[in-house]
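Step one of this worksheet: look at the structure below.
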Amino acid sequence: MLAYPSSIDLSTRTLRYLTGQLIARRLEIGTRWRRLTAGRQALLALAHLRCGDTYAQLAAGFGIGIATVYRYVREAVDVLAALAPALTQAMKTASAKAFVILDGTLLPIDRIAADTPYYSGKHKRHGMNVQVLADPLGGLIWASAALPGSTHDLTAARNHGIIDALAAAGLKCWADKGYQGAGRPVRVPFRGRRLKPWKRRHNTTHAKIRCLGERAMATLKSWRLLRKIRCSTNRITNIVKAVLVLHHTST
């Protein structure tokens with residue numbers, strides 16, 4: 001296999017942060033020797049998450065076995081996932097904002113047609129449903145655990161306790177029509193084709209506010225691994241959490 005130099009569009013601060021966490025992990029479990037230093041392991045994990053490089057590509061580039069790459073990536077992801085903010089912490093962060101934007105996204109996965117729970121009728125493809133909270137400027141605040149793609153956005157938001165958390169914190173929230181019936185904390189546009197003029201104006205204003213949440217979606221999917229996930233669905237939640245931690249570290 002041919003190898004060539006490449007780059008990762010992340011700051012050195014992100015690399016130093018992950019390296020520090022991996023060094024702490026190695027000291028905790030008493031690691032004596034490994035094929036790669038903590039810094040090289042961090043670089044490998046970032047290449048996988050940010051660029052979506054496969055295990056075979058990383059094995060060739062770093063001169064190690066594919067099984068070793070898998071173990072290194074999994075360890076780094078688990079270390080980062082353990083540091084991810086819980087919903088209660090996200091609510092504290094959001095309480096300093098004027099309002100938040102709630103939206104759901106589908107992370108594509110490589111499932112077959114028989115895997116019905118993962119098929120989204122809305123997006124016409126297999127994937128995992130992730131709920132995202134953004135600030136008024138579209139900055140990513142928090143991302144939920146991943147649920148099968150067939151899960152409705154409102155059901156997912158309720159299962160994660162987002163609606164109750166917003167109500168308890170007294171936060172205003174803007175969301176799309178998929179959250180109709182969520183209750184007082186969540187503001188949604190009016191539904192229907194023949195709306196009164198004032199309702200149409202309301203929907204236009206609502207859309208201008210809510211569309212900023214797409215920036216948070218774009219931020220999440222700037223990590224190319226999340227554009228087409230090929231691992232076990234049981235690992236996707238930890239990957240999303242790891243990406244969230246790295247994003248907050250780099251901003």
Side-chain angles (χ1 to χ4, degrees), residues 1-86 89 105 107-110 127-128 130 132 139-146 216-251:
M1 181 180 290
L2 298 175
Y4 65 93
S6 185
S7 62
I8 307 174
D9 56 339
L10 292 172
S11 65
T12 55
R13 179 172 58 179
T14 306
L15 179 62
R16 289 195 301 269
Y17 175 80
L18 181 52
T19 300
Q21 296 300 325
L22 291 175
I23 290 174
R25 170 65 178 171
R26 293 185 181 193
L27 291 174
E28 179 185 351
I29 62 178
T31 298
R32 294 185 179 181
W33 178 86
R34 290 197 185 186
R35 289 291 302 275
L36 296 183
T37 64
R40 295 287 286 172
Q41 181 185 356
L43 186 63
L44 181 148
L46 291 176
H48 179 65
L49 294 171
R50 186 68 174 185
C51 304
D53 292 347
T54 64
Y55 295 152
Q57 290 171 324
L58 294 170
F62 285 82
I64 57 178
I66 293 178
T68 304
V69 171
Y70 171 78
R71 290 195 301 270
Y72 280 175
V73 169
R74 179 160 185 161
E75 180 183 46
V77 167
D78 289 345
V79 166
L80 290 169
L83 302 171
Q89 294 173 278
T105 188
L107 302 180
I109 59 175
D110 58 342
M128 300 293 283
V130 173
V132 173
L140 179 61
I141 296 177
W142 181 80
S144 73
M217 300 299 183
T219 297
L220 197 63
K221 293 186 178 180
S222 65
W223 298 79
R224 296 175 186 85
L225 182 65
L226 298 182
R227 297 178 188 176
K228 183 65 175 182
I229 305 175
R230 296 177 175 84
C231 66
S232 167
T233 55
N234 296 326
R235 298 287 305 157
I236 296 177
T237 292
N238 274 4
I239 292 174
V240 172
K241 288 182 177 180
V243 165
L244 182 65
V245 171
L246 290 173
H247 166 69
H248 287 162
T249 301
S250 61
T251 55

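- By the side chain to side chain contact (heavy atoms under 4.5 Å, CB included) test, A38 is found to be paired with T19, L22, I23, R26, residues two or more places apart in sequence or in another chain being considered.
- To the nearest 0.5 angstrom, I236 atom CD1 is 9.0 Å from L225 atom CG.
- Within the structure, the salt bridge (charged side-chain N to carboxylate O under 4.0 Å, His left out) test picks out the following pairs touching residues 234-251 (sequence neighbours left out): D78-R235.
- Heavy-atom minimum distance, Q41 versus Y72: NE2-O, 3.2 Å.
- Within the model, atoms CE of M217 and CG of L226 stand 12.0 Å from one another, a figure rounded to the nearest 0.5 Å.
- Between the CD1 atom of I66 and the CG atom of L58 there is a distance of 10.0 Å, given to the nearest 0.5 Å.
- Partners of A216 by side chain to side chain contact (heavy atoms under 4.5 Å, CB included), not counting sequence neighbours, listed by chain and number: V132, A134, L140.
- R40 meets the salt bridge (Lys or Arg N to Asp or Glu O under 4.0 Å) test with no other residue; sequence neighbours excluded.
- The nearest pair of heavy atoms linking A42 to L15 is CB-CD1, 3.7 Å.
- Counting only heavy atoms from C-beta outward, the side chains of L244 and L80 never approach each other to under 4.5 Å.
- Partners of R74 under the side-chain hydrogen bond (donor to acceptor under 3.5 Å, both in side chains) rule, at least two apart in sequence or in another chain, are Y70.
- Residues satisfying the side chain to side chain contact (heavy atoms under 4.5 Å, CB included) criterion with A67, sequence neighbours excluded, are R71.
- Taking CD1 of I229 as the reference point, atom CZ of R224 lies at 15.0 Å (rounded to 0.5 Å).
- Remark: F62 engages no residue in a ring-ring contact (aromatic ring centres under 6.0 Å, His included) (not counting sequence neighbours).
- Contact between L49 and V77 at its shortest, heavy atoms only, is CD2-CG2, 4.3 Å.
- Minimum heavy-atom separation, I109 to K228: O-NZ, 3.5 Å.
- Pairs passing the salt bridge (charged side-chain N to carboxylate O under 4.0 Å, His left out) check and including a residue from residues 47-65, sequence neighbours excluded, read D9-R50.
- A side-chain donor-acceptor contact under 3.5 Å links T237 to the backbone of A146.
- Looking only at atom types and distance, the side chain of T219 has no donor-acceptor partner in the side chain of S222 under 3.5 Å away.
- Residue pairs satisfying the ring-ring contact (aromatic ring centres under 6.0 Å, His included) criterion with at least one member in residues 221-248, sequence neighbours excluded, are absent.
- Residues satisfying the side-chain hydrogen bond (donor to acceptor under 3.5 Å, both in side chains) test with T105, not counting sequence neighbours, are K221.
- Here SG of C231 is found 8.5 Å from CG of D110. Values are rounded to the nearest 0.5 Å.
- For residues 19-51, the pairs satisfying ring-ring contact (aromatic ring centres under 6.0 Å, His included) are H48-Y55, with sequence neighbours left out.
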- In sequence, state the C-alpha distance, the side-chain angles, and the governing distance for I8 and L43, and then conclude on side chain to side chain contact (heavy atoms under 4.5 Å, CB included). CA-CA 9 Å; I8 307 174; L43 186 63; 3.9 Å; yes
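- Scanning all heavy atoms of the two residues, the minimum distance from G65 to A59 falls at C-CB, 4.0 Å.
- When all heavy atoms of V240 and L107 are compared, the pair lying nearest together is CG2-CD1, 3.7 Å.
- The CG atom of L44 sits 5.5 Å away from atom CD1 of I64, with the distance rounded to the nearest 0.5 Å.
- Every residue meeting the side-chain hydrogen bond (donor to acceptor under 3.5 Å, both in side chains) condition with T54, not counting sequence neighbours, appears here in chain and number order: Q57.
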